[in-house]
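Here the structure is laid out as structure tokens; the discussion comes afterwards.
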Amino acid sequence: MATELLRVNGISAGTEEKSILHSIDLSIGDGQAHVLMGPNGAGKSTLGRVIMGDPTYMITDGSLIFNGEDVTELAADKRSLAGIFLSYQAPVEVPGVPLYSFLRTITQMRPELKMTARQFRQRVGQISDQLELDQGFLMRELNVGFSGGEKKKVEMLQLLLLQPKLAILDETDSGLDIDALRIVSEGVNRYSAQGDRAVMLITHYTRILRYIEPTFVHVFVDGRIVDQGGRELADKLEAEGYEAYVKAASANA
Ligand code: ADP
Ligand code: MG
């Protein structure tokens, strides 16, 4: 049995106006890769953001236990330091901040990642090479004018540098060409291979599952988990779509 890293315990959440997530239960263990699939608007990104501690969303019920600690009330920056990482569906552009300085700053905030300037430079260079990201990008302003694929590689660069315990990857595979998809997937696998790490992968497409072996697949509809299974469930979804689940959900509503 894998040691439990994250427990989502009956979480209901939403904004002031709208309740989005309804009694979500999920347990993610060390070494596992959980895949969340479901139609647009199902609440997948919201769950990722609620786990990360995005203040846009209010938790109205339930709790989040991370690494044995109740983090339900913890601010996002504290959760980040505790080892939760969220790769955004649409990474923000930050004019005026070179990628290299940004990476140096977020690394220096973590005492466990103590590196000299030289070690840092080598590490960043090594990861950039693995990701086939030209090192010229390091001096450019963070994400400004980067293509979709380049932004996703920069997210992966952060992941490989920070080595969080839980990586939530929100549609990291969307908009990638086949080479970039392989490179990014290899990055995820390189991260996972280090052992006591877990991945929550939000995706629309099974093509990334050619590279990443899912421990569990969860189907998300209307703010609820409506089915779970293994890789075969992802294949079934690819073949049949979500229609049967959506119909069942609206019949129950
Ligand atoms: P998914 O990632 O599964 O496509 P989201 O989690 O982005 O779905 O959205 C779930 C639902 O919650 C959608 O109907 C969306 O419009 C709504 N929603 C998400 N965030 C907000 C917000 N900040 N304000 C209002 N509605 C939101
Ligand atoms: Mg989304």
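Here, residue 1 is the first one in the sequence, and each next residue gets the next number. As the structure is a prediction and not an experimental result, all values here were calculated from the model. Side chains included, hydrogens not; waters and symmetry mates left out as well; all remaining heavy atoms used. First listed ligand is number 1; within each ligand, the first listed atom is number 1.
Side-chain contact annotation: Asp173 with His204, donor-acceptor N/O pair under 3.5 Å absent. Between Ser185 and Arg207, the side chains place no donor N or O within less than 3.5 Å of an acceptor N or O (distance only, hydrogens not considered).
Checking side-chain atoms of Lys44 against main-chain N and O of Glu171 turns up no donor-acceptor pair under 3.5 Å.
Screening Asp170, Thr56, Asp54 for a side-chain hydrogen bond (donor to acceptor under 3.5 Å, both in side chains) involving Arg49 leaves a single residue, Asp54. Residue Ser27 is tested with Glu4, Arg7, His34, Gln32 for a side-chain hydrogen bond (donor to acceptor under 3.5 Å, both in side chains); the sole match is Glu4.
Counting atoms of ligand 1 from 1 in the listed order, those under 4.0 Å from a heavy atom of Thr15 are 22 (C), 23 (N), 24 (N), 25 (C). Ligand 1 places these atoms under 4.0 Å from at least one heavy atom of Ala42: 1 (P), 3 (O), 8 (O). For ligand 1, the atoms lying closer than 4.0 Å to a non-hydrogen atom of Ile20 are 10 (C), 11 (C), 12 (O), 17 (C), 18 (N), 19 (C), 27 (C). Under a 4.0 Å criterion applied to the non-hydrogen atoms of Lys18, ligand 1 contributes the atoms 12 (O), 14 (O), 17 (C).
Shortest contact from atom 7 (O) of ligand 1 to any protein heavy atom: Ser45 CB, 3.7 Å. Protein heavy atom nearest atom 6 (O) of ligand 1, with residue, atom name and distance: Thr46 OG1, 2.6 Å.
The heavy atom nearest to atom 11 (C) of ligand 1, considering only Gly48, Gly41, Gly223, Gly43, is found in Gly41.
Looking at ligand 1, you won't find any N or O of Thr56 less than 3.5 Å from one of its N or O atoms. Below 3.5 Å of separation, one finds no N or O of Asn40 facing any N or O of ligand 1.
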Quiz item: When you look at Arg182 and Glu186, which way does the salt bridge (Lys or Arg N to Asp or Glu O under 4.0 Å) test go after all the steps?
Solution: CA-CA 6 Å; Arg182 177 183 48 77; Glu186 284 169 0; 3.5 Å; yes
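Summarising the local packing, CD of Glu243 is surrounded by 12 or fewer heavy atoms from other residues, nucleotides or ligands at distances under 6.0 Å.
The side-chain tip of Arg104 points at the ring of Phe120 from less than 6.0 angstrom away and within 45° of straight on.
Among the backbone and side-chain atoms of Ser45, an N/O/S atom is found under 2.8 Å from the Mg ion (ligand 2).
In this structure, Tyr57 has a heavy atom closer than 4.0 Å to ligand 1.
For atom 16 (O) of ligand 1, the protein comes within 4.0 Å by no heavy atom at all.
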